[in-house]
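Here the structure is laid out as structure tokens; the discussion comes afterwards.
Letters go in sequence order (proteins before strands), and every chain restarts at 1.
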Protein chains: 2
Amino acid sequence: MLGRRHPRERLVEQDLCERFQTHRGDVRLALFELEQKGIVQRIPNRGAIVRDLTPREVTEIYAVREELEVMATRILPLPVAESELARLGEIQQRHSAAIDNDDMLAVFYANLNFHEAVFELCGNACLIETIRQLEAKVYGIRFYANAFTEALDRARRDHLDIIDALRGGRRGDLIELTRQHLKPSPQAYIRAYERRFGNAGRE
Amino acid sequence: MLGRRHPRERLVEQDLCERFQTHRGDVRLALFELEQKGIVQRIPNRGAIVRDLTPREVTEIYAVREELEVMATRILPLPVAESELARLGEIQQRHSAAIDNDDMLAVFYANLNFHEAVFELCGNACLIETIRQLEAKVYGIRFYANAFTEALDRARRDHLDIIDALRGGRRGDLIELTRQHLKPSPQAYIRAYERRFGNAGRE
DNA sequence: GTCGGGACGATTGTAAACAATTTAATATAC
DNA sequence: GTATATTAAATTGTTTACAATCGTCCCGAC
């Protein structure tokens, strides 16, 4: 999720056992699960490699994310309780501080927590879970956008605007903010991808 | 998916090994995967049991399904090629024949194939996969609706109407058909659930 | 009669060894 | 020098055995 392992990199079961202090049974389990989530690709008898997403796949994933995240903000009961708003504010302070400290790991988690806290307000457990799964598919690409401080600053401002819209009960603004907030990441990834491989396709 | 295993039933790894002629490693893998899909529940050191869905969970799952299936019909390129329509017609003949023969297993598969063939037309692989996953969560409840022949006949008519709307390129009708087609199953399940446990909740 | 504790059986979780498969390297023929 | 066959190493897939855990049954104390 931090983009430390690059696409195509091989994931050898024995190595992962030592890395995570466990036995091959659990590593195997995890690799199958990650395959099911679309994060790694497994080839029988050859093992697992980190999957790289084509621009098309990224576009498709984000289209579904947008549909579902907008749905969440559409069904979310307004107004939101003050205690919930306080919780969001708290998470957002962590996010903001992490950006100031250049602590990317903390940024990652605070950002994740913030969005999960927002979507949990919608009350539909299946929707929340599905959004979470789609987020997981694109953990690896966020770092293409977050390389620029402008992107991080913009995310921070977006979050504050979202809290504000929640407090004001302005559903229309909320939906529009949700839409806009999703745009930069796939755009940055696709630009980077095309710089790497040319506009055609795979390397 | 046929509702043969009832909710709360224990799934013992060793039994499943003999049932499916394989070793515990793979059975274990499958159980973890089914847990991730929400079909079984696993309690550490105690094993897996068939999960039963509360009316609330079913309602939530179907709400997300409706959102995504409508999205699929919204983005689906029209008109549909005649070869695709022929394919759909062929699958639908299998479905219809299976109903006439009271072959529930064949009904199940033909119905699945039909819907997958329709949604594949939308061209968004992530969307298709997500819809498939949500379908899987409720495999077990369809049989509450299919107990009545009226429901099966209605499904058959719906399918023919869907093919017709696809041929005519009538997107509005298609969306409405998709919505209506999703309603009976959860309704029948919830009615049956409330008959079992009373309107309150768990047994 | 009921409550608490201990032993037993069943089941899951972990570890290690073994078999099968694939990749890479080396040697050999042309 | 290139292409092909052979062999060895690395890695995954499977099997087996063992350890840990949980539920149940039974017994005894109160």
With the side chain of A:R28 defined as its heavy atoms from C-beta on, choose the nearest nucleotide among D:dT14, C:dT22, D:dA17.
-> D:dT14

From D:dT14, C:dT12, C:dA15, nucleotide with atom closest to B:H23 side chain = D:dT14

Stacked cation flag B:R42 on B:F32, 6.0 angstrom / 45 deg | yes

Can you tell me the distance, in whole Å, between the [atom1] atom of [X] and the [atom2] atom of [N]?
X     : N      : atom1 : atom2 : result
A:E13 : C:dA15 : CD    : P     : 15 Å
A:Q14 : D:dT12 : CD    : C1'   : 11 Å
B:R42 : D:dT21 : CZ    : P     : 15 Å
B:F20 : D:dT14 : CZ    : P     : 16 Å
B:L29 : D:dT12 : CG    : C1'   : 13 Å
A:D26 : C:dA15 : CG    : P     : 8 Å
A:I49 : C:dT23 : CD1   : C1'   : 15 Å
A:L16 : D:dT12 : CG    : C1'   : 13 Å

Specify the residue among A:R24 and A:N45 whose closest nucleotide of DNA chain C lies further upstream toward the 5′ end.
-> A:R24

Tell whether A:R46 reaches the base of D:dG13 with its side chain through a donor-acceptor pair below 3.5 angstrom.
-> no

Select base, sugar-phosphate, or nothing to describe what A:G47 touches, counting heavy atoms under 4.0 Å on all strands.
-> sugar-phosphate

Checking all strands, does A:L31 fall into the base, sugar-phosphate, or nothing category for heavy-atom contacts under 4.0 angstrom?
-> nothing

Hey, mind stepping through B:H181 and B:D161 against side-chain hydrogen bond (donor to acceptor under 3.5 Å, both in side chains) and telling me if it holds?
-> CA-CA 11 Å; B:H181 191 62; B:D161 289 344; over 6 Å; no

Is it the case that [X] and [Y] place a side-chain donor and acceptor less than 3.5 Å from each other?
X      : Y      : result
A:S96  : A:R156 : yes
A:N113 : A:H95  : no
B:H6   : B:D52  : no

Counting just side-chain N and O atoms, does A:R10 come under 4.0 Å of either OP1 or OP2 of C:dT22?
-> no

